[in-house]
> 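What follows is a structure written as structure tokens; I'll ask about it next.
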Amino acid sequence: MSLSEIIARMHAAEERAGRARGSTRLIAVSKMQPPGRVEAVLEQGHRLFGENRVQEAAAKWPAWQERYGGVELHLLGPLQTNKARQAFGLFDAIHSLDRPKLAKTLARLAQETGRCPKLFVQVNTGEEPQKAGVIPAEADDFIAECRTLDLPVAGLMCIPPLGEEPAPHFALLAKIAARNGLKELSMGMSADFETAIALGASHVRVGSAIFGARG
Ligand SMILES: *Cc1c(COP(=O)(O)O)cnc(C)c1O
């Protein structure tokens with residue numbers, strides 16, 4: 001599907017949900033895509049991209065950021081504390097804040113540098129043992145802890161379990177955000193971004209539907 005088709009589907013979903021046109025931001029997920037496909041989307045004027053791994057992003061994006069102005073880059077995948085400093089320099093937002101040790105490391109870097117990427121707390125809404133994220137029952141306490149550290153938590157992120165109906169997971173994430181006074185919701189991927197928009201997503205993360213299957 002083309003970028004413009006995805007954007008048209010987003011607008012239609014916003015309209016059906018009674019939301020303002022353009023109120024959902026599209027993160028084009030460029031992980032593991034051939035460079036030509038990413039450049040084609042940059043050439044079309046899109047400037048918001050997501051990557052899963054610090055190392056891969058560090059190898060690809062500085063050159064593109066120089067060539068195309070105004071690129072905004074978000075980290076979507078798990079962040080090891082020993083890569084936090086590098087991530088700080090590279091990303092405008094981190095969607096995978098999910099444990100106290102990482103929160104403390106980010107707080108220290110924020111103090112040291114006087115800035116901090118926008119942060120999303122990842123919630124493991126399906127309570128899957130192999131998946132990153134705080135479990136729903138611990139989300140309120142963890143968000144409070146992040147606030148004590150003065151971290152700029154803007155919202156929540158989730159990845160529903162594969163093969164499950166995503167809507168209840170999106171609704172749960174929205175509920176946790178609302179009771180914690182958080183406005184932004186990073187939810188919805190290629191297969192379910194319209195459902196996520198209906199349930200209040202502020203950011204959808206779409207990869208294969210824009211770029212094709214990953215190599
Ligand atoms: C890969 C990935 C996406 C995009 O997935 P698609 O199914 O290709 O749209 C979104 N979010 C995260 C966290 C990812 O790792």
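All figures in this text were calculated on a predicted structure; none of them were measured in a lab. First listed ligand is number 1; within each ligand, the first listed atom is number 1.
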> Got an N/O contact under 3.5 Å between Gly207 and ligand 1?
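Min N/O separation from ligand 1 is below 3.5 Å for Gly207.
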
> Would you say the side-chain atoms of His46 pair up with the backbone N or O of Leu26, donor to acceptor, closer than 3.5 Å?
yes

> Considering non-hydrogen atoms of the protein only, which is the closest contact for atom 9 (O) of ligand 1, and what is the distance?
Ser190 OG, 2.5 Å

> Looking only at protein heavy atoms, which one is nearest to atom 11 (N) of ligand 1, and how far off is it?
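Scanning the protein heavy atoms, the shortest distance from atom 11 (N) of ligand 1 goes to Arg205 NE, 2.9 Å.
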
> Under a heavy-atom criterion of less than 4.0 Å, does His95 contact ligand 1?
no

> With a cut-off of 4.0 Å, which atoms of ligand 1 are near a heavy atom of Val206?
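Heavy-atom distances to Val206 below 4.0 Å select 9 (O).
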
> So if I count the atoms of ligand 1 from 1 in the order they appear, which ones are less than 4.0 Å from some heavy atom of Asn52?
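What qualifies from ligand 1 is 14 (C), 15 (O).
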
> Pick from Glu51, Lys60, Glu56: which one makes a side-chain hydrogen bond (donor to acceptor under 3.5 Å, both in side chains) with Ser30?
Glu51

> In the protein, which heavy atom is nearest to atom 5 (O) of ligand 1, and how far is it?
Met189 CE, 3.8 Å

> Would His169 and Glu164 count as having a side-chain donor-acceptor pair, cut-off 3.5 Å?
yes

> Any donor-acceptor pair under 3.5 Å linking the side-chain atoms of Ser208 with those of Arg214?
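Not at all, the side chains of Arg214 and Ser208 share no donor-acceptor pair under 3.5 Å.
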
> At what distance is the nearest protein heavy atom to atom 14 (C) of ligand 1, and which residue and atom is it?
Lys31 NZ, 3.0 Å

> Which residue and atom name correspond to the protein heavy atom nearest atom 13 (C) of ligand 1, and how close is it?
Ile159 CD1, 3.6 Å

> So, Glu39 versus Tyr68: side-chain donor-acceptor pair below 3.5 Å or not?
no

> Tell me if a side-chain donor or acceptor on Arg37 pairs with a main-chain N or O of Phe211 at a distance below 3.5 Å.
yes

> Quick check against the 3.5 Å criterion: does Glu128 have a side-chain atom that pairs as donor or acceptor with the backbone of Asn124?
no

